[in-house]
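Note that the coordinates shown come from a computational prediction; the quantities given were computed from them, not determined experimentally. In what follows, every chain begins at residue 1, and chains take the letters A, B, ... in the order their sequences are listed.
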There are 2 protein chains.
Amino acid sequence: MDFIEIFKALGDENRIRILNLLIRGELCVCEIETVLDMTQSNASRHLNKLKTSGIITSEKKSQWVYYRINNNFIEENNLLYEYIKNKMDEKTQLKRDIERLKKFKEGNFTCEHLRNDKSQVFKYLQCQCDNTRNEN
Amino acid sequence: MDFIEIFKALGDENRIRILNLLIRGELCVCEIETVLDMTQSNASRHLNKLKTSGIITSEKKSQWVYYRINNNFIEENNLLYEYIKNKMDEKTQLKRDIERLKKFKEGNFTCEHLRNDKSQVFKYLQCQCDNTRNEN
DNA sequence: TGATTATATTCAATTATATGCATATACTAA
DNA sequence: TTAGTATATGCATATAATTGAATATAATCA
């Protein structure tokens, strides 16, 4: 966990956007790519970079891979972690991403929803007017 | 002063080496390039990147340009600044650089010495056996 | 087993970064 | 003004990073 490598990993907007989500809790790749609207391969690659530098870890649960912040990273880089969280609060894009994450969570979407009809979930996340949704 | 740009600027070993020196006090370009043994153009460009991201500032004094840590940066990024200083203590290369800086300072070298005979100063900095030096 | 699906990886193209050399610019001093 | 010097910058090049599309891999389920 070289701190220069950590800076390299953090010096990219897409990876900061991913981290911004993971701070709120673990997520699998298909959730991240949907909320952030990035391609699957791109999400996977950025996740790998964050993982290689020790910032996040992954755990395979059946066919899905869940990513989360590495507790070890938080312990060993606490000042940096607090700094990032503070600075994230000021960024418009990151606030918008959190709104989309909230919508996704409040909509009770799951990986299965994404499998069955990703574009419907995506449409729902884009809708500005309605923040509630019927179950199912 | 976007924090992602700051991370980009910090994600390079040469720039961290420069910063490591500047934490000990201001220095001009010719001093930095000598202590770190990098080309003049390379030192200048890295300094510019650090300056553009708001981490350092410069002041022209007669023909020399002195660089120092930007106080504003320290104030607005205090957690990050403390983090960097802590992590720097663990890096071998950075400790070696500080030894060379100390030798340079204790040798009472100036920019004029570098102008007159840079290679002599350089040889002195490389010498492991002798940490003292006659005046002049 | 075979079809489907989630994630990772390869390939190719594009873009960004780092660097040395040569030169431009800005300043000093004779 | 001219010569000399410190720093910045343009140019060319090498290396690294980013990305989408296609494919490989690993797991699930019928």
Side-chain angles (χ1 to χ4, degrees), chain A residues 2 4-18 22 26-53 56-68 109-119 121, chain B residues 2 4-18 22 26-53 56-68 109-119 121:
Chain A
D2 177 25
I4 299 177
E5 286 307 308
I6 290 174
F7 284 143
K8 270 187 201 157
L10 295 173
D12 179 274
E13 183 172 9
N14 281 327
R15 288 193 288 272
I16 290 290
R17 290 177 71 198
I18 290 174
L22 294 182
E26 69 169 19
L27 290 169
C28 79
V29 183
C30 66
E31 293 172 320
I32 293 168
E33 72 183 79
T34 304
V35 173
L36 298 185
D37 189 20
M38 52 175 75
T39 62
Q40 182 271 321
S41 68
N42 207 18
S44 175
R45 262 184 298 228
H46 283 306
L47 284 162
N48 184 256
K49 178 106 184 180
L50 288 169
K51 187 179 172 186
T52 303
S53 63
I56 64 178
T57 57
S58 67
E59 187 188 352
K60 190 147 196 168
K61 300 182 184 180
S62 76
Q63 70 265 62
W64 293 288
V65 177
Y66 282 79
Y67 285 89
R68 70 168 67 103
F109 291 119
T110 63
C111 298
E112 274 85 359
H113 286 104
L114 290 173
R115 168 178 20 210
N116 296 333
D117 193 351
K118 179 173 166 173
S119 68
V121 179
Chain B
D2 176 26
I4 299 177
E5 286 308 309
I6 290 175
F7 284 143
K8 270 186 201 157
L10 295 174
D12 179 273
E13 183 171 9
N14 280 328
R15 287 193 289 272
I16 289 291
R17 290 178 70 198
I18 290 173
L22 294 182
E26 70 170 17
L27 290 169
C28 80
V29 183
C30 66
E31 293 171 320
I32 293 168
E33 71 183 80
T34 305
V35 173
L36 298 186
D37 189 21
M38 53 174 74
T39 63
Q40 182 273 321
S41 69
N42 205 19
S44 176
R45 263 185 289 235
H46 282 305
L47 284 162
N48 184 258
K49 178 105 185 181
L50 288 168
K51 188 179 172 186
T52 303
S53 62
I56 64 176
T57 56
S58 67
E59 188 187 350
K60 189 147 196 169
K61 299 183 183 179
S62 79
Q63 70 264 62
W64 292 289
V65 178
Y66 282 79
Y67 286 89
R68 68 168 70 105
F109 291 117
T110 63
C111 297
E112 275 85 0
H113 286 105
L114 290 173
R115 165 174 27 208
N116 296 334
D117 193 351
K118 180 174 166 174
S119 66
V121 178

Taken to the nearest 0.5 Å, the spacing of B:L36 CG from B:H46 NE2 works out to 10.0 Å
Exercise for the section: Answer with base, sugar-phosphate or nothing: what part of the nucleic acid does B:T39 contact at a heavy-atom distance below 4.0 Å? Expected result: sugar-phosphate
Here the distance between atom P of C:dA16 and atom CD1 of B:I4, to the nearest Å, is 16 Å
Ranking A:K61 and B:E31 by the position along DNA chain D of their nearest nucleotide, the one closer to 5' is B:E31
Separation of C:dA8 atom P from A:W64 atom CH2, nearest Å, is 14 Å
note: A:K51, atom NZ; C:dT9, atom C1'; distance rounded to Å ~ 14 Å
Q.
Any non-hydrogen side-chain atom of A:Y67 less than 4.5 Å from a side-chain atom of A:V29?
A. yes
Parsed dot-bracket for DNA chain D after applying the Watson-Crick and G-U rules with both distances under 3.5 Å and | for other-strand partners is ||||||||||||||||||||||||||||||
Between the CD atom in B:E33 and the CG atom in B:L47, the distance rounded to the nearest 0.5 Å is 10.0 Å
To the nearest 0.5 Å, atom OH of A:Y66 lies from atom CD1 of A:I32 at 10.5 Å
Here the distance between atom P of C:dC27 and atom CD of B:Q63, to the nearest Å, is 11 Å
Note: A:A9 and A:R15 closest approach over all heavy atoms is O-NE, 2.7 Å
Atom CD1 of A:I56 and atom C1' of C:dA8 are separated, to the nearest Å, by 14 Å
Sugar-phosphate, base or nothing in reach of A:S62, heavy atoms under 4.0 Å: sugar-phosphate
Rounded to the nearest 0.5 angstrom, the CG-CG distance for B:N14 and B:L50 is 10.5 Å
A:R45 atom CZ is separated from C:dA12 atom C1', nearest whole Å, by 11 Å
Q.
Can you see if the side chain of A:Y67 gets near the phosphate of C:dA6 - specifically, an N or O under 4.0 Å from OP1 or OP2?
A. no
At a 4.0 Å cut-off to heavy atoms of chain B, the contacted part of DNA chain D spans D:dT5 to D:dC11
note: B:E13, atom CD; C:dT17, atom C1'; distance rounded to Å ~ 16 Å
Here the gap from A:R68 atom CZ to A:L27 atom CG, rounded to the nearest 0.5 Å, amounts to 11.0 Å
Output for pair (A:M38 CE, A:S44 OG), nearest 0.5 Å, gives 11.5 Å
Between B:L10 and B:I16, is there a side-chain heavy-atom distance shorter than 4.5 Å? yes
B:E112 CD to C:dT28 P, in whole Å, measures 13 Å
